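Proteins come first, then strands; the chains are lettered A, B, ... in the order of their sequence lines, and each starts at number 1. Note that the structure is predicted; figures quoted are calculated from it, not measured.
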Amino acid sequence: MIDPSSTKLVSKTTEQSSTGESVQPDISYIKRIDEQSLMHLFDGILKKKPLFIDRERLSTSYIPATLPHREQEITELANILAPALDLNAPSNIIVYGKPGVGKTAAITLVGKELERKAIEIGKRVSVIHINCQYTGTLYRILNTLAQQFIDNLSNDRPFIGLPTDEVYAKTLSLLDTTNRAVIIVLDEIDKLKEDTALYLLTRINNDLHNTKVSIIGISNNLCFTDPLDARVKSSLSQETIVFNPYNAEQLQDILRTRSQQALKPDVLSVEVIPLCAALAAQEHGDARKALDLLRVSIEIAERKCDHAVSSKHVRLAQNKIEKDRIAEVIHSLPAQERLLVHAIRVLQRYNKHMGNPSAMITGELYSQYAEISKTVHYTPLSQRRVADFISELDSLGIISAKVISKGRYGTTREIQLMVPLTELEHILQDDEFTEELGHIKMKNQTKLL
DNA sequence: CCTCCACCGGAACGTGAGGAGT
DNA sequence: ACTCCTCACGTTCCGGTGGAGG
């Protein structure tokens, strides 16, 4: 976030000093801002009565000491992992469950307890968490693993620029220096880009003498093992644990427990927790969503200086979360994909103007995109590539793209904007292409009119 | 019933940036 | 300078696909 006023300050002062004359930058107006507003900038905020005691407790990254309604899964995990304390390799586990059902939290909790217990009884047990979304190749996984065991005092460095088999060999030698158990947690294991990685990792114990390794794979996708090699599949899923979605009542429990620790008493109206829970339960019982909703509701109430949070704040929070998400997604898109969003915007505006309620189709959208690209002096990408962008925008929830057959007139995708047009236009207001495309929209419309 | 359109979407491949060892 | 790798981004090719229309 860049504060526009601060950029103005910078540009003004540099402008003055760049004239070449030895003039001191005029800072009188800065003083004015200081004295008149900045001095009191935080006063009002500080005067507001905070509703939080400990905001962190409602953060999705906070891992509480207990996880309500996950006792059974935690016990199961602990039973399977217990052999690690005798330096035996526990069975490999696959943990399934939708986002926000406590998979990662439960495993982190059990992992920490396992490491603590190991220290207590004088054994070496390490639990290493790797997110395959960011570390999706064998090479990177090996590097991450190796880094955990590199002796800080030695000169060993992470290896880059070596053949993968050499990195594998070096990682093994680092792992195998002493008797220990290592549990590798592969979060979002379905994002792993190489099947060979799983093959090697599940057979790693054959190449080790002192260390025992076992794998915990976490996946949202129940079918992710389907395309895998049968040997990998059986070795990876020796044990399977499924985390079912929380229902609304369980979500209420979670929210109550957390808010008791996070908030001052009597801050929440009675309907708030049931409403947050119900809204999150609609989306596959996602506790993260429920917590976000509650936290943002409280923040909104706090900002409005309200003494209690009501359903009104929850609704506002729900809107805000969705708007922020869409805006963030669109702003972070690469230029070509944003040009496609502009094409959608222009077509949607045109259709609305013409009173034409029908959805866009791929061919139509591609032509509009190509025209817009040329206007801003970009080379339009191939239709194949743009088809992938359309799928991506669909999965991001910005549009809905449905494959339909128009019979003799071919197969296409019917594309509908899922964000209100005015909101999309608002989001694109400060986009780098908007100004240049402003007149095109008009030209296009008059031409088509 | 068959044809055929306008795409879909998988597969294979190319390119170039970037990082670090040799 | 070269090697060995990842990774992002893109293209071309081509076998489907499903229903309107002949």
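Remark: A:L421 engages A:R345, A:Q348, A:R349, A:K352, A:L417, A:E425 in a side-chain contact (heavy atoms from CB on, under 4.5 Å) (not counting sequence neighbours). For A:F389, there are no ring-ring contact (aromatic ring centres under 6.0 Å, His included) partners, not counting sequence neighbours. With sequence neighbours left out, the ring-ring contact (aromatic ring centres under 6.0 Å, His included) criterion links A:Y366 to A:Y369. Take A:D324 and apply the side-chain contact (heavy atoms from CB on, under 4.5 Å) test, not counting sequence neighbours, and it matches A:K320. Residues passing the ring-ring contact (aromatic ring centres under 6.0 Å, His included) test with A:Y409, sequence neighbours excluded: none. Remark: A:S332 engages no residue in a side-chain contact (heavy atoms from CB on, under 4.5 Å) (not counting sequence neighbours).
At whole-Å resolution of the value, CG in A:L340 and P in C:dC9 are 15 Å apart. The separation between A:K402 atom NZ and B:dG9 atom C1' is 19 Å, rounded to whole Å. As rounded to whole Å, 13 Å separates atom C1' of C:dA8 from atom CG of A:L381. Nucleotide C:dG16 holds its C1' atom 15 Å from the CZ atom of A:R413, rounded to whole Å.
Counting only N and O atoms by type, the side chains of A:H342 and A:D431 include a donor and acceptor under 3.5 Å apart. Side-chain atoms of A:T60 and A:R295 form no donor-acceptor pair, as typed in the model, at a separation below 3.5 Å.
Under a cut-off of 6.0 angstrom, the local environment of NE2 in A:H331 is crowded, with over 12 non-hydrogen atoms contributed by other residues, nucleotides or ligands. In the displayed structure, A:E432 atom CD is contacted under 6.0 Å by more than 12 heavy atoms of other residues, nucleotides or ligands.
Each end of the helix from B:dC1-C:dG22 to B:dT22-C:dA1 yields a helix axis from five base pairs, and these two axes differ in direction by 20° (to the nearest 10 degrees).
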Find every protein N or O atom lying less than 3.5 Å from an N or O atom of nucleotides 18-22 of chain C, and list the pairs.
residue: C:dG18; atom: N2; partner: A:G407; partner atom: O; Å: 2.9
residue: C:dG18; atom: N3; partner: A:S405; partner atom: OG; Å: 3.3
residue: C:dG19; atom: O4'; partner: A:S405; partner atom: OG; Å: 3.1
residue: C:dG19; atom: N2; partner: A:G407; partner atom: O; Å: 2.8
residue: C:dG19; atom: N2; partner: A:R408; partner atom: N; Å: 3.4
residue: C:dA20; atom: O4'; partner: A:R408; partner atom: N; Å: 3.2

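Contacts of residues 387-400 of chain A with DNA chain C (heavy atom under 4.0 Å): A:F389. Of the residues in residues 329-338 of chain A, not one comes within less than 4.0 Å of DNA chain B through any heavy atom.
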message = How would you summarise protein contacts on nucleotides 11-17 of chain B per nucleotide, using B for base, S for sugar-phosphate only and - for none, with heavy-atom distances below 4.0 Å?
response = -------

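The two residues A:R70 and A:V101 come nearest to each other via the heavy atoms NE-O, 2.8 Å. Across all their heavy atoms, A:L255 and A:A277 have their closest contact at CD1-N, 4.0 Å.
Side-chain atoms of A:E423 never come within 3.5 Å of backbone atoms of A:P420 as a donor-acceptor pair (strictly under, hydrogens ignored).
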request  = Report the C-alpha separation of A:I94 and A:E239 in whole Å, then their side-chain angles, then the decisive distance to 0.1 Å, and conclude whether the side-chain contact (heavy atoms from CB on, under 4.5 Å) test is met.
outcome  = CA-CA 6 Å; A:I94 299 248; A:E239 300 277 355; over 6 Å; no

Going by atom type alone, with no hydrogens or angles, which donor-acceptor pairs under 3.5 Å involve a side-chain atom of residues 208-216 of chain A and a protein atom two or more places apart or on another chain?
residue: A:N210; atom: ND2; partner: A:D176; partner atom: O; Å: 2.7
residue: A:T211; atom: OG1; partner: A:L175; partner atom: O; Å: 2.6
residue: A:T211; atom: OG1; partner: A:T178; partner atom: O; Å: 3.2

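Note on A:R385: a side-chain N or O is less than 4.0 Å away from OP1 or OP2 of C:dG10.
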